[in-house]
Structures are given as C-alpha cells and as structure tokens.
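Notes follow once the structure below has been shown.
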Amino acid sequence: MRLKGKVAIITGAGMGMGREASVLFAQEGAKVIVFDLNEQAAKETVAEIEKNGGEALAFVGNVAKEADVKAAVEAGVARFGKLDILYANAGVLWKDRDKSVVETTEENWDIVQAINLKGPFFLTKHGIPELQKAGGGSIILVGSISALAGFTLAQDSYTCAKGALISLNKSLAVQFGGDQIRCNVIHPGMIDTPLQAPYLTPEKKKAIGDSLPMKRLGVARDIANAALFLASDESAWMTGAEMIVDGGFIAC
Ligand SMILES: NC(=O)c1ccc[n+]([C@@H]2O[C@H](COP(=O)([O-])OP(=O)(O)OC[C@H]3O[C@@H](n4cnc5c(N)ncnc54)[C@H](O)[C@@H]3O)[C@@H](O)[C@H]2O)c1
C-alpha cells in the first residue's frame with residue numbers, strides 16, 4: 001500500500017503504460033482518475049481496478065483541450081476530495097504524419113505539440129493548485145529516449161515536445177519545491193504497447209530487443225513500476241530528475 005490515501009490523475013490511462021500504472025497505483029492504495037480520449041478504454045481500466053477492489057473514476061476528454069483537463073481535475077476533486085499525484089502520460093507517436101521537419105506539415109506539427117506538450121501544460125496548470133491545497137504532491141512527466149538522442153527516422157515534433165518536457169520538469173521542480181511538490185520525468189525506451197503496435201512486426205520486435213543490453217523490449221509494467229516509485233513518498237527527496245528506463249539503449 002505504497003500510495004495509501006493518495007489520489008492520482010493519470011492521462012492516457014485507457015491503454016498501454018497509463019492503464020498499467022492506473023491498475024498498479026490502485027493496487028497500492030491510490031484512488032485514480034482515469035483520463036482518456038477513448039471512452040471504452042477508460043471504462044475498461046476502471047472496471048479492472050474495481051474488479052481488484054480499488055476505486056477509480058473514468059473521465060473522457062482530450063488532453064489538448066484545456067476545458068477538458070480542467071473539468072477532469074474538478075471532477076476528481078469533487079469525487080475523491082483532493083489530488084496528490086499528476087501523471088501526464090498521454091502522448092501520440094504518429095510516424096506517418098510526424099516525420100523530419102522537411103516533410104512535416106504545420107498542421108501535423110501543431111497537433112502533436114498540442115497533445116504531447118500542451119497536455120502536460122494544462123494538467124500541471126490546473127493540477128498544481130490542488131497539490132498545493134493538499135500540502136504537496138508528485139508530478140510525473142513522460143519524456144522519451146527520442147528526446148535524448150537523434151534518430152535517422154525522425155519524428156521531429158514528437159521529439160521536440162518530449163525535449164521541452166525536460167525543461168518544464170526543471171522549472172516546476174524549482175518553482176514548487178517549497179510547496180513540497182516534486183516533479184520528475186521518466187524517459188521510456190521502446191515499450192511494447194498499442195502506441196508502437198502499428199510499427200512493430202514480431203521480427204522487428206525481436207531484432208530491436210536483441211540489440212538492447214537487456215535483450216528485450218520494455219513492457220508497460222517496467223514504466224509503471226518507475227512511476228510508482230516517483231509517485232510514492234519513497235522518492236520524497238527526488239525532484240527535477242530524469243529517470244531513463246530503456247533496457248540500456250542510451251548506455252550503448
Ligand atoms: N511505447 C513506447 O515505446 C514509448 C516510448 C517512449 C515514450 N512513450 C510515451 O509514453 C506515453 C504512453 O505511451 P503508450 O505507449 O502507453 O501509449 P498508448 O498509445 O499505448 O496509450 C496511450 C493512451 O492515451 C490515450 N490518448 C491519446 N491521445 C489522447 C488525448 N489527446 N487525450 C487523452 N487521451 C489520449 C489513448 O486513447 C490511449 O489510451 C506517451 O506519452 C508516449 O509518448 C512511449
């Protein structure tokens with residue numbers, strides 16, 4: 001029960017790492033606001049939490065819309081009384097539309113920024129005042145190894161949005177440390193989730209896994225475990241930090 005008594009909002013919680021973290025956080029005692037664009041997926045996550053005896057609220061919305069994020073924070077506080085953990089997990093990787101700067105349209109650049117960068121902006125904008133009221137809390141941002149290294153097959157808007165979160169992380173850590181609000185980034189390596197599914201054949205998965213020091217792709221639980229540590233009081237003196245969880249990709 002490492003999150004006993006805490007309330008968490010997790011965006012993109014209908015699938016992949018967000019769902020895994022929602023289920024794990026609830027198992028560890030947190031009440032969870034499951035925020036997702038996909039109503040059915042959000043409801044499935046909530047059903048899984050409730051099946052295990054936990055408490056969760058499904059909220060259907062788009063992280064790129066400020067009104068949706070504000071309403072989700074308000075609905076979560078109305079239901080559970082407070083907010084302790086903001087987990088800005090929702091993100092999109094659209095390799096068909098977001099490529100190198102020389103190939104990407106302005107429209108596609110903007111929509112990727114709106115989801116991957118403005119989403120965390122809106123969540124922290126509306127969530128931080130609630131953490132202040134609660135006497136502190138933990139913010140988890142989700143970067144990527146693509147913000148730490150260049151790739152020949154570029155997704156430049158995605159990469160820039162994830163890179164910007166490194167700067168936002170430091171700024172929030174410094175601004176709100178005095179309120180006992182911590183902010184940290186997780187940089188996942190390649191994780192086998194629905195986000196990667198359109199781009200990964202079984203052969204590709206094996207080849208990428210074999211190329212990593214740990215000899216496998218990541219799974220959603222690898223990241224959810226890191227997030228659980230950052231959400232819990234075990235990381236009480238950790239802020240402004242970046243946690244690379246990538247099977248050793250960046251090390252080689
Ligand atoms: N999977 C990877 O290899 C990988 C690597 C590095 C970073 N990441 C990052 O990790 C995070 C989670 O990725 P994942 O692989 O679990 O993704 P996923 O696609 O498996 O799940 C993402 C969830 O977010 C929801 N979502 C998408 N757009 C949304 C929006 N505008 N508003 C609300 N919800 C929205 C989707 O409906 C889905 O349920 C993302 O920020 C992603 O960029 C993923």
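Order of listing sets the numbers, starting from 1, for every ligand and every atom in it.
Listed by first and then second residue, the ring pair (Phe, Tyr, Trp, His ring centres under 6.0 Å) pairs involving residues 233-252 are Phe151-Phe249 (not counting sequence neighbours). For residues 173-228, no residue pair satisfies the ring pair (Phe, Tyr, Trp, His ring centres under 6.0 Å) rule, not counting sequence neighbours.
By the side chain to side chain contact (heavy atoms under 4.5 Å, CB included) test, Ala164 is found to be paired with Leu117, residues two or more places apart in sequence or in another chain being considered.
Partner of Arg216 under the side-chain hydrogen bond (donor to acceptor under 3.5 Å, both in side chains) criterion, chosen from Asp222, Asp192, Asp210: Asp222.
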Exercise for review: Output, in order, the C-alpha distance, side-chain angles, deciding distance and verdict of salt bridge (Lys or Arg N to Asp or Glu O under 4.0 Å) for Lys6 and Glu28.
Suggested key: CA-CA 9 Å; Lys6 296 196 192 288; Glu28 293 288 340; over 6 Å; no
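For ligand 1, the 4.0 Å heavy-atom shell takes in Gly12, Gly14, Met15, Gly16, Met17, Phe35, Asp36, Leu37, Asn38, Gly61, Asn62, Val63, Asn89, Ala90, Gly91, Val92, Ile115, Val142, Gly143, Ser144, Tyr158, Lys162, Pro188, Gly189, Met190, Ile191, Thr193, Pro194, Leu195, Gln196, ordered by chain and residue number.
Between Glu44 and Arg19 there is a salt bridge, since a side-chain N of the basic residue sits under 4.0 Å from a carboxylate O of the acidic one.
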